[in-house]
Amino acid sequence: MKTKAVFFDLDGTLFTSTRGVAASTKKTIEALKRIGILVGIATGRGPAFVLPLLEDLKLDFAVTYNGQYVFTPKAVIFENPIREETLKKIVTYALEYHRDISIGTSKGVVGSGLLKFGETRTAGILAKILPKGTSDVAKSGMKHIFRRVFPQANFSEIFKEPVYQVMMIAPRADTPTLEKEFPELQITRSNPYSVDLIPQGIGKLKGIQILGEHYDFTLEEVTCFGDSENDISMIQGVGTGVAMGNAQESVKKAANYVTDHNNADGIAKAFDYFGIVEFTNGKDFVSKDPNFNQVKAFHQLMDGKTQQIPRAFTPMEAGFRAGFEVEEIVEFLQASSNGDDARFHELVEQLHRDVDKATQKIDSKPDKETDALTAQADAMIDLLYLTYGSLVLSGIDPYEIFNRVHEANMGKIFPDGSPHFDPVTHKVLKPSDWEKKFAPEGKIKKELERQKRVAERKMR
């Protein structure tokens, strides 16, 4: 069955142990989106935490609070708050048994500082260094150690807005008691020291199904990644369930496939195993320059390969590249002529004279650089530097505009699913519907208008 959508849990899955996203994972997500696969998150965390991640990784949607709040960067698709009488019951129980709780709303999580501590990297380290035979009672004793540092919150204002999930400090031994006390709730867990309390009948899997109804994919066409107990239902319920190498044993048993650790490129290796996205195992370098990486992704999509070891262009290749650059320079001159054809041709004639002048300058040099690779790199960086200089002198921030141009270039795929090339220059051609679907000029104009508005406000 073809995969149409992919969902990642966060902690222990999409995130490494340092709470970052591995470079191999970012590259894999970019590749998935290029081939038309939808990518999202399915997590116990809330929308306020997840939204910046969606925007940063350009993901399509998220299932948050274990299925109770489903949204895209532009709209809320589904929400299922806990009933008010149940919330009162939870708070009463927490006060009676001195249990730290936090509540999850659309704006964020508020409540127990101890639970917030439990989400940190330090708490994860502490949990790992406890002996495996340590009882749940001993683990729950952590709350007594940190109680003075992380006081319980005041919940008098709890009912002012919808609450989608309640997190409670509770060792595993307390699960049966909580299930008996709250039959209307589902008790799910992503760590050994706390539980997530959510309404019965709606979990991560249901949230994914709801998105499928909106985006036209079935559960059989979904691949999910996870590592904890609250991931088991979605891993079992979709077409392909993948457990991380660091996952709990119960999760591994439920999965179709167990990949490598979240700190060892596990996500990228899984997609390589299924033949969806190739994992290069570190041979394909990633630059610190994000713009370079986007252009590299364009060439990987169009050419199917890129150069990993620095090399000099052949004279023919250099001629083609220079021709492409000259075409852009001529377009720049035409744009600068303000519709005056005579002035445009005068500027082009000046360009010819400048080329002749530059040629004479090179010919007159007594010592020419004999290392072609060094000389080419120097010239290309000078071109880049001059381009940035032109942007500086124009007052244009290139970041968002570059992204819009990159998106347009990535759209140069023909209906047969492949790029087409000029037979002589090998330049990538544009499909017939490219102008209508992908031409970036309108988006560039809007971004420039935004930049001008911001600059004008600052100058007042």
Side-chain angles (χ1 to χ4, degrees), residues 6 14 20-39 52-60 73 265 267-268 271 276-280 282-310 313 320-321 324-325 327-328 331-332 377 380-392 394 396-414 417-421 426-431 434-435 437-448 450-451:
V6 173
L14 187 69
V21 180
S24 64
T25 300
K26 291 180 179 180
K27 180 180 175 182
T28 298
I29 290 172
E30 291 173 358
L32 290 171
K33 293 184 68 62
R34 284 199 300 271
I35 59 178
I37 294 178
L38 299 167
V39 184
L53 191 62
L54 254 65
E55 294 174 340
D56 182 49
L57 298 178
K58 294 182 172 59
L59 304 184
D60 298 290
D265 304 307
I267 288 175
F271 284 106
I276 298 174
V277 176
E278 183 181 0
F279 175 57
T280 56
K283 294 178 182 177
D284 189 2
F285 75 90
V286 177
S287 173
K288 293 180 180 179
D289 181 349
N291 291 345
F292 174 92
N293 292 332
Q294 290 196 75
V295 176
K296 190 172 186 178
F298 167 76
H299 281 279
Q300 286 170 330
L301 177 65
M302 298 300 168
D303 304 329
K305 61 179 181 179
T306 55
Q307 182 66 26
Q308 303 308 313
I309 301 174
F313 285 112
F320 286 150
R321 299 305 302 177
F324 300 154
E325 290 163 358
E327 182 178 343
E328 299 303 326
E331 287 187 7
F332 174 76
M380 287 187 287
I381 296 301
D382 282 344
L383 280 171
L384 191 59
Y385 206 94
L386 284 166
T387 300
Y388 272 110
S390 297
L391 290 164
V392 168
S394 296
I396 296 172
D397 180 351
Y399 180 77
E400 289 296 340
I401 297 173
F402 188 96
N403 288 338
R404 302 293 80 78
V405 171
H406 174 65
E407 290 172 1
N409 284 336
M410 295 298 273
K412 294 178 181 178
I413 296 294
F414 279 69
S418 302
H420 291 188
F421 302 92
H426 201 62
K427 185 176 182 180
V428 179
L429 301 176
K430 299 173 182 175
W434 183 87
E435 293 289 341
K437 290 183 176 180
F438 298 104
E441 286 80 6
K443 295 178 180 178
I444 292 173
K445 183 177 180 180
K446 288 182 180 179
E447 170 59 17
L448 289 172
R450 183 197 68 81
Q451 290 186 21

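Keep in mind that this is a model prediction, so the values were computed, not measured.
- The two residues P431 and G411 have their closest heavy-atom pair at CG-O, 4.2 Å.
- When all heavy atoms are compared, the tightest approach of W434 to P440 is CH2-CD, 3.8 Å.
- At a threshold of 4.0 Å, the pair K58-E407 does not count as salt-bridged, since none of the basic side-chain nitrogens sits closer than that to a carboxylate oxygen.
- T25 contributes atom OG1, which lies 9.5 Å from atom CZ of F271 (distance to the nearest 0.5 angstrom).
- For the atom pair I35 CD1 and I413 CD1, the distance stands at 11.5 Å (nearest 0.5 Å).
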message: side chain to side chain contact (heavy atoms under 4.5 Å, CB included) for E331 and E327? Distances and angles first, verdict last.
response: CA-CA 6 Å; E331 287 187 7; E327 182 178 343; 3.9 Å; yes

message: I'd like to know whether I444 forms a side chain to side chain contact (heavy atoms under 4.5 Å, CB included) with L448, so could you lay out the CA-CA distance, the side-chain angles of the two residues, the decisive distance to 0.1 Å, and finally the verdict.
response: CA-CA 6 Å; I444 292 173; L448 289 172; 3.9 Å; yes

- prompt: Taking it one step at a time, do T28 and I276 satisfy side chain to side chain contact (heavy atoms under 4.5 Å, CB included)?
  reply: CA-CA 9 Å; T28 298; I276 298 174; over 6 Å; no

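- In plain terms, the two heavy atoms of E325 and L383 that are nearest each other are OE1-CD1, 3.6 Å.
- Expressed to the nearest 0.5 Å, how far NZ of K33 lies from CE of M410 amounts to 11.5 Å.
- When the shell of 6.0 Å around CZ of F332 is examined, it contains 12 or fewer heavy atoms from other residues, nucleotides or ligands.
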task: Check the pair I29, V6 against side chain to side chain contact (heavy atoms under 4.5 Å, CB included), reporting the backbone distance first and the verdict last.
output: CA-CA 9 Å; I29 290 172; V6 173; over 6 Å; no

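- Listed here is the closest heavy atom pair of F414 and L429: CE1-O, 3.7 Å.
- L38 and D60 get closest at one heavy-atom pair: CA-OD2, 3.3 Å.
- Pairing each heavy atom of I401 with each of E447, the nearest pair is CG1-CG, 3.8 Å.
- Around CZ of F324, the count of heavy atoms belonging to other residues, nucleotides or ligands within 6.0 Å exceeds 12.
- Atoms NZ and CG, from K296 and N291 in turn, are 14.5 Å apart once rounded to the nearest 0.5 Å.
- Using a 4.5 Å cut-off on side-chain heavy atoms (C-beta onward), L53 and L14 make contact.
- Between L391 atom CG and L386 atom CG the span is 11.0 Å, to the nearest 0.5 Å.
- Side-chain contact of N409 with Q294: a donor-acceptor pair under 3.5 Å is absent, judged by distance alone.
- Using a 4.0 Å cut-off between charged side-chain N and carboxylate O, R404 and E400 make a salt bridge.
- Within 6.0 Å of atom NZ in K443, 12 or fewer heavy atoms from other residues, nucleotides or ligands are found, so the atom counts as exposed in its surroundings.
- Other residues, nucleotides and ligands place no more than 12 heavy atoms under 6.0 Å from the CZ atom of R321.
- For the pair V295/F402, a side-chain contact is recorded, criterion being any heavy-atom separation below 4.5 Å from C-beta on.
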